Number of protein chains: 2
Amino acid sequence: MDTSPRAVQDRLAAFRGRCAALGLALTPQRLAIYTVLAGTDGHPAAEEIFRQIKPDMPSLSLGTVYRTLELLESHGLVGRVHGLDDQAHFDANLDHHHHLVCTRCHAVRDFDAPALRGLAIPEAALGGFRVESHRLHLLGVCATCQAGEG
Amino acid sequence: MDTSPRAVQDRLAAFRGRCAALGLALTPQRLAIYTVLAGTDGHPAAEEIFRQIKPDMPSLSLGTVYRTLELLESHGLVGRVHGLDDQAHFDANLDHHHHLVCTRCHAVRDFDAPALRGLAIPEAALGGFRVESHRLHLLGVCATCQAGEG
DNA sequence: GTTATTGCAAACATTTTGCACCAGC
DNA sequence: GCTGGTGCAAAATGTTTGCAATAAC
């Protein structure tokens, strides 16, 4: 995901617009939570988002972070990613993309390979299942963890 | 996954062999847990496996189910699947296959499409990540849930 | 001023762990 | 008799919820 200041600004502007359109109050908490997601390439869990904001907003409660993420996901403003731990991770990048999941450190990174778009799935194999979307997780070892091998 | 009596028998025989080779005791609990997985196409969670065995083995404890699944997974005898809920589901099918995940009822079913094997992933997109395996989740609505639509 | 949103704390669900007891070699 | 495995209950973890106080529109 493009995390240049410009791209982040664009994302935040779009977020404000979507909130207004949906009738959602643009509270400082919501803005802070979305800003964390809009500005990172990672896929933080609720707890991690909370820790990042807490110093600047001591009144923030973890419950609000969970509620906000749930709300934003239900309106399609953020995505939920399941990695290897049983913890939900979140993502402001809604473009079609896939994930690299490190089996050592459980980090999740985005990647996109245009060659993988338009996967041809034989209808016959699906047995009546109606496919609406797909997600591909590549499991392996990230560069950082490889460096630590020995 | 082939759940014919013959295929299940084969799987159980292989399981006994693997346990012996690994020096793992073949306790009634372990056998019961693996049997549930070997005989189903679904991907039950620990609690579900527990419920299925409990009537026939009242002394069974849920902790043992968790410990056993963890043990079997660590020895590569079963696989762990993350669907849409934040609950681990388990799978005795270790052949290369993918999953159909129903966004309504969260059921997970296997499917295999030979066309998807040998996905060509451009190295350049990976940025040093070493890919060891991949999993594809197709999200959509299963036949059962489609039938219930109105 | 209303209504939606927050903070807090308690509840909840899932999974892990410590420890005493038990079973098999 | 050791070793490993189980059952139980407590704890840890991640998440949701009820309710009174508060802030956004």
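Order of the sequence lines fixes the chain letters, A, B, ..., with proteins taken first and strands second; residue numbering starts at 1 for each chain. Given the structure is predicted, the values throughout are model-derived calculations rather than measurements.
- As judged by a 4.0 angstrom heavy-atom cut-off over every strand, A/A88 is placed among residues touching the sugar-phosphate backbone only.
- One finds no side-chain N or O of A/S59 lying less than 4.0 angstrom from the OP1 or OP2 phosphate oxygen of C/dT6.
- Nearest heavy-atom pair, B/V8 versus B/T3, reported as atom, atom and distance to 0.1 Å: CG2-O, 3.8 Å.
- Of the candidates C/dG7, D/dT15, D/dA24, the closest approach to any side-chain atom of A/P28 belongs to D/dA24.
- OP1 and OP2 of C/dG24 both lie 4.0 Å or more from every side-chain N or O belonging to B/T27.
- At whole-Å resolution of the value, CG in A/L84 and P in C/dT15 are 15 Å apart.
- Note: B/H137 and B/H99 meet the aromatic proximity criterion, with ring centroids under 6.0 Å apart.
- Counting to the nearest Å, the C1' atom of D/dG14 and the CD atom of A/E70 are 14 Å from each other.
- In this structure, A/Q87 places its CD atom 12 Å from P of D/dT16, rounding to the nearest Å.
- For A/R30 and C/dA4, the CZ to P distance is 11 Å, given to the nearest whole Å.
- Straight-line distance from the CG atom of B/L62 to the P atom of D/dA10: 15 Å, rounded to whole Å.
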| query | Can A/E70 and A/R80 be said to form a salt bridge (Lys or Arg N to Asp or Glu O under 4.0 Å), step by step? | reply | CA-CA 9 Å; A/E70 163 68 24; A/R80 193 182 289 250; 3.2 Å; yes

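- Contact between the side-chain N/O atoms of B/Y66 and the OP1/OP2 oxygens of C/dT15 is found at a separation under 4.0 Å.
- Per the geometry, CD belonging to B/E48 stands 15 Å off C1' belonging to C/dA13, to the nearest Å.
- Summarising the geometry, the separation between CG on A/L22 and C1' on C/dT3 is reported as 17 Å, rounded to the nearest angstrom.
- Residue A/R67 places no side-chain N or O under 4.0 Å from the OP1 or OP2 atom of D/dT15.
- Regarding contacts with the backbone of D/dA23, every side-chain N or O of A/Q29 stays at 4.0 angstrom or more from both OP1 and OP2.
- The distance from atom CG of B/L69 to atom P of C/dT15 is 10 Å, rounded to the nearest whole Å.
- Summary of the strand contacts: B/K54 and B/A25 both lie near DNA chain D, and taking for each the nucleotide with the nearest heavy atom, the more 5' one is attributed to B/A25.
- Between B/H43 and B/N93, the side chains place no donor N or O within less than 3.5 Å of an acceptor N or O (distance only, hydrogens not considered).
- B/H134 and A/H98 have their aromatic ring centers separated by at least 6.0 angstrom.
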